[in-house]
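Everything on this sheet refers to the single structure shown next.
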Amino acid sequence: MAQAPTDPSSAETADPEESSPNMIVYRKIEDIVTRMQDDKTGGVPIRTVKSFLSKIPSVVTGSDIVQWLMKNLSIEDAGEAIHLGSLIAAQGYVFPISDHVLTLKDDGTFYRFQAPYFWPSNCWEPENTDYAIYLCKRTMQNKARLELADYEAENLARLQRAFARKWEFIFMQAEAQVKIDRKKDKTERKILDSQERAFWDVHRPVPGCVNTTEMDIRKCRRMKNPQKVKKSVYGVTEESQPQSPVHLPSQPVRKTTKEDFRKQITFLNMQIERHCLKMSKVAESLIAYTEQYVEYDPFITPAEPSNPWISDDAALWDIEMSKEPSQQRVKRWGFSMDEVLKDPVGRDQFLRFLESEFSSENLRFWLAVQDLKKRPLQDVTTRVEEIWQEFLAPGAQSAINLDSHSYEKTSQNVKDPGRYTYEDAQEHIYKLMKSDSYARFLRSNAYQDLLLAKKKLYSLEPRLYHKRRGSCSWCWWDGGGGLQLL
Amino acid sequence: MATEGLHENETLASLKSEAESLKGKLEEERAKLHDVELHQVAERVEALGQFVMKTRRTLKGHGNKVLCMDWCKDKRRIVSSSQDGKVIVWDSFTTNKEHAVTMPCTWVMACAYAPSGCAIACGGLDNKCSVYPLTFEKNENMAAKKKSVAMHTNYLSACSFTNSDMQILTASGDGTCALWDVESGQLLQSFHGHGADVLCLDLAPSETGNTFVSGGCDKKAMVWDMRSGQCVQSFETHDSDINSVRSCRLYDLRADREVAIYSKESIIFGASSVDFSLSGRLLFAGYNDYTINVWDVLKGSRVSILFGHENRVSTLRVSPDGTAFCSGSWDHTLRIWA
């Protein structure tokens, strides 16, 4: 039987299943359909409609549902309301009375609400035996509305073959169900039959329709009692089904230990000690960032000459791969040192400038350490030594300027070489470059001329462009754009 | 450490209450900093215009649900993986399939393109992350060149190359993340702290950063120091599994709290994947209701809703130069939108 929707906050500790992603959605939909059916608070008009010789009980039109959704969920666009309504139908909470395909139409088509017994939140996973019983009993009843559709007839034929040996049992169950159904009131039967059919439309959908019962395998492990026998729609008890491959055993819940709490306490203390910014400051910096980069965002500022995806012309990418950086690209180097370091052409220009001033050792050191961190493990020891020799050893060719404390620490680190041996030194050099070299670069003629498009790069000597796999031991070149040759 | 304290005097209950009171204090401290809402400050920002975003390419070829995709740095190639075990490399600009390999397992939930463009990594129910070099030989046999790099004790949910072809970061259903040396397959660092399956990860975008963020079924998003393996920050404001995490392209996480929530009454299905546009002004989110919603990050309003997929959107990434984004779906297709 359907469970009454529980308060999610209290359900957390009581029933971990309630916070599972599917259940959260089901509860939201259930809240919606419950409100829809509540005539005291502006629900949809559910009526009995006269039709030819009979009456159609308990229906509402598609357009009434769409109107209700738009009004009560603040949806401005009918298309969106129709889409949401179709999903609610596809999940099995509302259904068209004359169609196996579960979508919502914004017209006079009649829909009915599903009975809570059949709601997906009951974690139904009906077996094929149940489905066989259902199709079988449909054929026993002489009613036009219960005639099997083509795909159902095919399904029945397949099931008859699959269950050939126990077909007698299935037939008997079907007969029993027919007997039970006959005892019910005519109107009630109409409603129940349609609800039952809608249930099967969810669990055995029309070929080509989305099967909304499919689960994301990552979420399956946390299902309650994955090994329990699946309950039958028709109360049929059978020997337990073999465990479906989808039901992996969930991890046993680990109790929190003293050690766990100690770790938590240390972590919390660390968090309390952190210097954090006021939201107003964070908001300002976020806004400033987006404003600075908005001209580079093709979704907001159309790309020049065109967005390749829209124009089918890859000119934009060809231009970016060329040696000549646009003014816009050069301007970006001025936003932060990270921007200049990220862009291969920018990096090269920065390096060139420093070389011209005979002060490139800092940048080359920084690049070498970046490269070190990207190397395979087996190359690390050699590289650490090479970097030491080139930049830090007494009498080094490209000696960098570290304060004595950093130098001391680094010398110690080198004794146990690893990818992070030069981390402290690199941070120190980074800060130095930012305040010194980078600032000078931005003020330099070299940069300013490019920025103001006074000069073109291609007039410079070709030897300064590194091929994709540079032969220098201290300089690396990843080309950035993959197979780009400069 | 001698100053660790008298452990015998610390009962489970006293530790628990200490932790609780610290949590309360932390909340208090953070609340003091919450002087305004982002969308309020953003009122002065010019509203975005109308967007016309359409599907520009549809990639058909997978035989089952598309679970993951990643862009190549060349801004046009992508790798995608599917429930049927197939991993395909496409030139999505021409929609040509350039490489394809069949994994020995189904549900290949993670895939990534190497920065050089010369290899891909993928994994899923096999609990591993494998690297495949990409060649342009006529009769390429990708499966033969496969290299097993990562080994977890449960499914692989996400993988990403760090800034180099030589290291891979993985996230797993076993509750851990790990950093691996590709060449030797050696574990360089492991990251423990999630209380349940880790579903996603994202590297901090800066050149100098050594951090990444992960999200899990324990509803936590955790920020890690790659060097030490320690968790440096943790966020716990979601009500359920965190399917996707993305670092804002900002220089650091100094707010230490939730900055904004993007939701609507009419959106009731979960979001499976998110990504930012290049400037960080737009947030693209793929949902289990088959749609993609585009949000104005600053104002908190929804800018656009994109229909097209016929089943859940499972993965979504903006291209490296921000000219388009790609979405993958349980409807077996991938779409490029611009």
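Residue numbers start from 1 in every chain, and the chains themselves are labelled A, B, ... in the order their sequence lines are given, proteins ahead of strands. Predicted model only: the values in this text are computed from it and were never measured.
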Do any N or O atoms from the side chain of A:Gln271 and from the backbone of B:Val232 form a donor-acceptor pair under 3.5 angstrom?
->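 Answer holds: yes.
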Sub-3.5 Å donor-acceptor pair from the side chain of B:Asp181 to the main-chain atoms of A:Leu377, do we have one?
-> yes
For A:Arg375 and B:Gln167, work out which heavy atoms get closest and say how close.
-> O-NE2, 3.6 Å
Compare every heavy atom of B:Phe307 with every heavy atom of A:Gly79, then report the nearest pair and how far apart it is.
-> O-CZ, 4.4 Å
Does any backbone or side-chain atom of [X] lie under 4.5 Å from a heavy atom of chain B? Answer side chain, backbone, both or neither.
X	value
A:Ile75	side chain
A:Asp216	both
A:Gln91	side chain
A:Ile32	side chain
A:Glu214	both
A:Pro302	neither

Chain B contacts, top residue of A:Ala303, A:Gly418, A:Ser280, A:Ala283 (heavy-atom pairs, under 4.5 Å) |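 Most heavy-atom pairs under 4.5 Å with chain B: A:Ser280.
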When heavy-atom pairs shorter than 4.5 Å are enumerated against chain B, which of A:Asp312, A:Val25, A:Ile265 gives the highest number?
-> A:Ile265
Side chain, backbone, both or neither of [X] within contact of chain A (heavy atoms, under 4.5 Å):
X	result
B:Ser314	neither
B:Asp321	both
B:Lys65	side chain
B:Glu265	both
B:Phe51	side chain
B:Trp337	backbone
B:Ile305	side chain
B:Ile336	side chain
B:Phe161	neither
B:Glu310	backbone

Which of the residues [options] is involved in the greatest number of heavy-atom pairs with chain A at under 4.5 angstrom?
options	answer
B:Arg312, B:Arg302, B:Glu37, B:Gln230	B:Arg302
B:Leu67, B:Thr162, B:Val182, B:Leu188	B:Leu188
B:Val36, B:Leu38, B:Ile268, B:Asn288	B:Ile268
B:Arg77, B:Gln83, B:Arg76, B:Gln40	B:Arg76
B:Cys231, B:Pro320, B:Ser157	B:Cys231
B:Glu46, B:Arg56, B:His39	B:Arg56

For A:Trp317, all residues meeting ring-ring contact (aromatic ring centres under 6.0 Å, His included), sequence neighbours excluded =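 Residues passing ring-ring contact (aromatic ring centres under 6.0 Å, His included) with A:Trp317: A:Trp309, B:Phe93.
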Between [X] and [Y], is any pair of side-chain heavy atoms under 4.5 Å apart?
X	Y	value
B:Arg227	A:Glu423	yes
A:Lys278	B:Lys32	no
B:Leu298	A:Thr290	yes
B:Leu33	A:Leu277	no
B:Lys23	A:Gln264	yes
A:Gln378	B:Ser184	no
B:Lys75	A:Glu320	yes

What do you reckon, is [atom1] of [X] surrounded by more than 12 foreign heavy atoms closer than 6.0 Å?
X	atom1	value
A:Lys28	NZ	yes
B:His34	NE2	yes
B:Lys299	NZ	yes

With rounding to the nearest 0.5 Å, note down the distance linking [atom1] in [X] to [atom2] in [Y].
X	Y	atom1	atom2	answer
A:Ile310	B:Thr323	CD1	OG1	9.0 Å
B:Met226	A:Tyr420	CE	OH	5.5 Å
B:Lys264	A:Ser74	NZ	OG	7.5 Å
A:Ile272	B:Arg30	CD1	CZ	8.0 Å
B:Met166	A:Lys374	CE	NZ	11.5 Å
A:Asn72	B:Ser266	CG	OG	12.0 Å

Side chains of residues 293-300 of chain A: which donor-acceptor partners sit under 3.5 Å, not counting sequence neighbours?
| residue | atom | partner | partner atom | Å |
| --- | --- | --- | --- | --- |
| A:Tyr293 | OH | A:Glu339 | OE2 | 2.5 |
| A:Glu295 | OE1 | A:Gln328 | NE2 | 3.3 |
| A:Glu295 | OE2 | A:Lys331 | NZ | 2.6 |
| A:Tyr296 | OH | A:Gln328 | O | 2.7 |
| A:Tyr296 | OH | A:Arg332 | N | 3.4 |
| A:Asp297 | OD1 | A:Phe299 | N | 3.1 |
| A:Asp297 | OD2 | B:Ser277 | OG | 2.5 |
| A:Asp297 | OD2 | B:Ser279 | N | 3.2 |
| A:Asp297 | OD2 | B:Ser279 | OG | 2.7 |

Is the closest side-chain donor-acceptor distance between B:Lys25 and A:Asn269 under 3.5 Å?
->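 Short answer, no.
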Who passes side chain to side chain contact (heavy atoms under 4.5 Å, CB included) against B:Leu187, sequence neighbours left out?
->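 If we apply the side chain to side chain contact (heavy atoms under 4.5 Å, CB included) test to B:Leu187, skipping adjacent residues, the hits are B:Ala178, B:Trp180, B:Ser190.
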Which residues in residues 80-90 of chain A have a heavy atom less than 4.5 Å from any heavy atom of chain B?
-> A:Glu80, A:His83, A:Leu84, A:Leu87
Taking 4.0 angstrom as the limit, do A:Lys219 and B:Asp241 come out as a salt bridge?
->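 The answer is yes: the pair qualifies as a salt bridge.
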Charged N-O contact under 4.0 Å between A:Glu284 and B:Arg44 = yes
